[in-house]
Amino acid sequence: MKRVIYPGTFDPVTYGHIDIVKRAVDLFDEVFITVAINPSKKPLFTTKERVEMLRESLKEFKDKVIIDSFDGLLVEHAKLVGAKAIVRGLRQISDFEFEFQMALMNRKLSGDITTIFLMPHERYTYLNSTVIRNLASLKADVSSFVPPNVQEALMKKFK
Ligand code: ADP
């Protein structure tokens with residue numbers, strides 16, 4: 001059973017994240033999507049809301065996708081759920097420096113967990129959750145970037 005873990009803030013989940021999940025689902029038996037509980041980042045959505053939005057957005061993959069949250073060291077959580085690899089999305093060169101540093105640090109912490117990078121469709125390479133939160137706060141239409149349930153949740157937050 002090849003199990004991988006896809007960690008992130010997902011504040012909120014976008015079609016870019018979903019693109020990465022679909023690619024991971026094609027390659028592996030089980031994908032654990034894990035929401036980082038990081039209060040210092042002051043997320044717009046609570047951990048529970050982010051988990052629920054991911055569940056609703058990915059319900060068609062429910063047989064292969066497990067969604068949870070974690071607090072603490074990612075490599076420890078990966079070991080706990082039995083993941084052999086960490087999946088991350090690479091959008092452009094600007095992601096590279098941070099991702100490279102984190103992947104090497106995680107390898108230092110735990111040599112038997114490999115980080116794998118997947119590239120989304122070009123149409124999502126300029127998309128991130130911060131842009132979506134900003135657009136939604138200005139009442140812009142974000143329907144091409146996030147699933148309908150996320151759009152609704154954003155509208156409620158900024159009404
Ligand atoms: P962000 O605020 O950048 O969306 P996340 O912590 O939610 O941050 O991202 C989790 C993972 O998903 C990271 O590996 C990030 O590079 C990746 N990711 C985020 N947005 C996209 C996207 N549009 N396309 C591909 N990967 C993405």
Side-chain angles (χ1 to χ4, degrees), residues 3-28 30-58 61 64-75 77-78 81 83-107 109-110 113-138 140-151 153-154 157-158:
R3 187 178 282 167
V4 292
I5 191 165
Y6 177 33
T9 312
F10 305 105
D11 188 34
V13 57
T14 69
Y15 284 140
H17 295 119
I18 293 172
D19 179 294
I20 298 296
V21 173
K22 285 184 181 160
R23 288 170 203 278
V25 160
D26 275 348
L27 293 168
F28 302 100
E30 228 167 42
V31 180
F32 259 81
I33 303 175
T34 190
V35 174
I37 304 173
N38 187 352
S40 68
K41 260 196 157 182
K42 292 219 167 56
L44 174 66
F45 292 100
T46 65
T47 307
K48 191 164 168 264
E49 287 171 326
R50 285 179 278 151
V51 166
E52 270 161 19
M53 280 187 284
L54 277 160
R55 286 214 174 107
E56 177 63 24
S57 313
L58 293 165
F61 304 104
K64 292 191 76 178
V65 165
I66 293 146
I67 298 152
D68 71 353
S69 56
F70 83 107
D71 199 0
L73 265 188
L74 175 62
V75 288
H77 192 62
V81 303
K84 289 296 290 169
I86 297 167
V87 167
R88 297 287 291 172
L90 260 194
R91 287 160 286 192
Q92 28 200 318
I93 293 286
S94 53
D95 279 340
F96 182 75
E97 209 168 77
F98 172 75
E99 293 292 343
F100 183 70
Q101 193 179 35
M102 206 159 64
L104 289 183
M105 184 50 81
N106 282 332
R107 190 156 76 187
L109 293 171
S110 179
I113 298 177
T114 300
T115 302
I116 293 166
F117 297 102
L118 298 176
M119 279 186 291
H121 190 284
E122 305 84 85
R123 77 170 78 96
Y124 302 128
T125 50
Y126 60 94
L127 183 57
N128 67 45
S129 301
T130 309
V131 169
I132 294 303
R133 290 195 303 276
N134 289 341
L135 287 173
S137 74
L138 300 168
D141 176 13
V142 292
S143 57
S144 348
F145 309 122
V146 296
N149 61 305
V150 174
Q151 202 188 343
L154 282 163
K157 281 275 176 203
F158 292 113

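We count ligands from 1, going down the list as the structure has it; atoms in each ligand are counted the same way. Numbers here simply count residues along the sequence, with the first being 1.
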Worksheet, complete the sentence: Nearest heavy-atom approach of Phe158 to Ser137 is CE2-CB, 3.4 Å
Worksheet item: Any idea which heavy atoms bring His17 and Pro12 closest together, and the distance?
Response: CE1-O, 3.7 Å
Discussion item. Please find the pair of heavy atoms, one from Pro120 and one from Leu90, that lie closest to each other, and give the distance.
Written reply: CD-O, 3.3 Å
Item to complete: Let me know which protein residues bring a heavy atom to under 4.0 Å of ligand 1; chain then number is fine for ordering.
Response: Tyr6, Pro7, Gly8, Thr9, Phe10, Gly16, His17, Ile20, Arg88, Gly89, Arg91, Glu99, Pro120, Tyr124, Leu127, Asn128, Ser129
Discussion item. Can you confirm whether more than 12 heavy atoms, excluding those of Gln92, are under 6.0 Å from its CD atom?
Written reply: yes
Worksheet entry | Heavy-atom closest pair, residues Val75 and Ile86 | CG1-CD1, 4.5 Å
Discussion item. Under a 3.5 Å distance rule, please check whether Arg50 uses its side chain to pair with a backbone N or O of Leu44 as donor and acceptor.
Written reply: no
